[in-house]
Amino acid sequence: MDISSILQGGYQHPVSRSWQAKQQLTKSMLMYPIFITDDPDARVEVPSLPGQCRWGVNRLEEFLGPLVQKGLQSVILFGVPLKCLKDMRGTPADDPNGPVISAVKKLRSLFPDLYIACDVCLCEYTDHGHCGYLNADGTIDNTPSVARIAEVAVNYAKAGAHCVAPSDMMDGRVKAIKRGLIDAGFGNKCTLMSYSAKFASSLYGPFRDAAGSAPSFGNRKCYQLPVAARGLARRAILRDMEEGADIIMVKPALPYLDIIADAGQLAVDHPIACYQVSGEFAMVHAGAAAGVYDLKTMAFESVESMVRAGATLIMTYFTPDFLDWL
Ligand SMILES: NCC[C@H](CC(=O)O)[C@@H](CN)CCC(=O)O
Ligand SMILES: [Zn+2]
């Protein structure tokens, strides 16, 4: 046999196999999405998201303390207000006493080294459940939506967030947020992580259950990207880079590894993030429960594919598990 035919000698041992990955998954690459509700003492399990809960601010130390001890380095907050009065502009989004701003302040004091990102969107706070303002005909009214998203982002930065992450997909929101952060004196203090290539995926269901954020009518196909739209994703990534995004995110992740790879080539000097969304997480659990594969093995296989595609920051609900497994 020709010498060039022999590859197995390079990975016959677990140690030499570990060297074959260009980048290893590490704890610092994991950002944990967490749900904060407006009952301060709540701990409410989310049936469609195995092991995940909606937490009240008074329970955050009990929830995150052990994870911080195991090496948790970053979280991204999602507000789940159940007692607020939702309206067409998403007024509760930046309520100074609301779940997100209260949690940012609490976490900053509890865990000074924890990196705190805030998802910025209106869908959890609008009475219609869309991510922006609506025109009378039900279409997105982009300009006022962008102004409101920027206002919410700046208020999260003022509350102490290290990062704001607009998941709304309104056109031009990155530039508006960046301008707002600069004008408020946070341009050099708060990271802007943009959900640049975010697709109108069918994999958001469990999240919408958890957050109560499903649109009351229609869908998000006029502002989230068409699932087959590689060109639009590339254009959105380039646009957000130009508008001042510090981190570029692709979402969902596993069905979009090609987009993650594209992002790494287009935004070669930016960190590339990806979000293993709720439906992906539920799928991995469902397959394991059905006996198709071992849960831990599949969790690693799915997330390591995102690392291989070029992601250096991964939002995943498996974060607590990986803190034990890594
Ligand atoms: N701002 C929209 C929320 C959005 C998807 C959606 O409901 O359209 C995601 C949160 N950023 C869902 C994330 C997930 O499914 O885990
Ligand atoms: Zn939204």
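Position 1 is the first residue of the sequence, and the numbers go up from there. Values in this document were obtained by computation on a predicted structure and should not be read as measured data. Numbering of ligands and ligand atoms starts at 1, following listing order. Just the heavy atoms: all of them, side chains too, but no hydrogens, waters or symmetry mates, feed the values below.
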>> Is it the case that the side chains of Ser302 and Gln276 hold a donor-acceptor pair, with the cut-off being a distance below 3.5 Å and no angle test?
In response: yes

> Distance-only, no hydrogens or angles: does the Lys296 side chain make a donor-acceptor pair with backbone N or O of Trp325 under 3.5 Å?
Replying inline: no

>> Distance under 4.0 Å to a non-hydrogen atom of Tyr317: what atoms of ligand 1 satisfy this?
In response: 14 (C), 16 (O)

> Hey, are Asp209 and Ser48 close enough side-chain-wise for a donor-acceptor pair under 3.5 Å?
Replying inline: yes

> For ligand 1, which atoms, with element, lie under 4.0 Å from some heavy atom of Cys121?
Replying inline: 1 (N)

>> Tell me whether Ser167 has any N or O atom under 3.5 angstrom from an N or O of ligand 1.
In response: yes

>> Show me which atoms of ligand 1 lie under 4.0 Å from any heavy atom of Tyr195.
In response: 11 (N)

>> For atom 6 (C) of ligand 1, what's the nearest protein heavy-atom neighbour? Residue, atom name and distance, please.
In response: Arg220 NH1, 2.9 Å

>> Quick check on contacts: which atoms of ligand 1 are under 4.0 angstrom from a heavy atom of Cys123?
In response: 1 (N), 2 (C)

> Are Tyr32 and Tyr317 an aromatic pair by the rule of ring centers under 6.0 Å?
Replying inline: no

> Can you find a side-chain donor-acceptor pair between Tyr195 and Asp119 that sits under 3.5 Å?
Replying inline: yes

> Under 4.0 Å from ligand 1, counting heavy atoms only, is it the side chain of Asp119, its backbone, both or neither?
Replying inline: side chain

>> Only heavy atoms of Lys251, strictly under 4.0 Å: list the atoms of ligand 1 that pass.
In response: 4 (C), 5 (C), 9 (C), 10 (C), 11 (N), 12 (C), 13 (C)

> Under a 4.0 Å heavy-atom limit, does Ser278 contact ligand 1 with its side chain, its backbone, both, or neither?
Replying inline: both

> Closer than 4.0 angstrom: is that true for some heavy atom of Phe78 and an atom of ligand 1?
Replying inline: yes

> How far apart are the C-alpha atoms of Asn58 and Asp41, what are their side-chain angles, what is the distance that settles it, and do they pass the side chain to side chain donor-acceptor pair (under 3.5 Å) test?
Replying inline: CA-CA 5 Å; Asn58 293 345; Asp41 300 314; 2.9 Å; yes

>> Check whether Thr37 reaches the backbone of Gly56 with its side chain - one donor and one acceptor, N or O, closer than 3.5 Å.
In response: no

> Which of the atoms in ligand 1, numbered in the order shown and given with their element, are less than 4.0 Å from a heavy-atom of Tyr275?
Replying inline: 13 (C), 16 (O)

> Does any N, O or S atom of His130, backbone or side chain, fall under 2.8 Å from the Zn ion (ligand 2)?
Replying inline: no

> Would you say the side-chain atoms of Thr191 and Tyr115 include a donor-acceptor pair closer than 3.5 Å?
Replying inline: yes

> Is it true that Arg148 and Glu151 make a salt bridge, defined as a side-chain N closer than 4.0 Å to a carboxylate O?
Replying inline: yes

> Between Glu124, Arg208, Lys198, which one has a non-hydrogen atom sitting closest to atom 3 (C) of ligand 1?
Replying inline: Lys198

>> So if I count the atoms of ligand 1 from 1 in the order they appear, which ones are less than 4.0 Å from some heavy atom of Gln224?
In response: 6 (C), 8 (O)

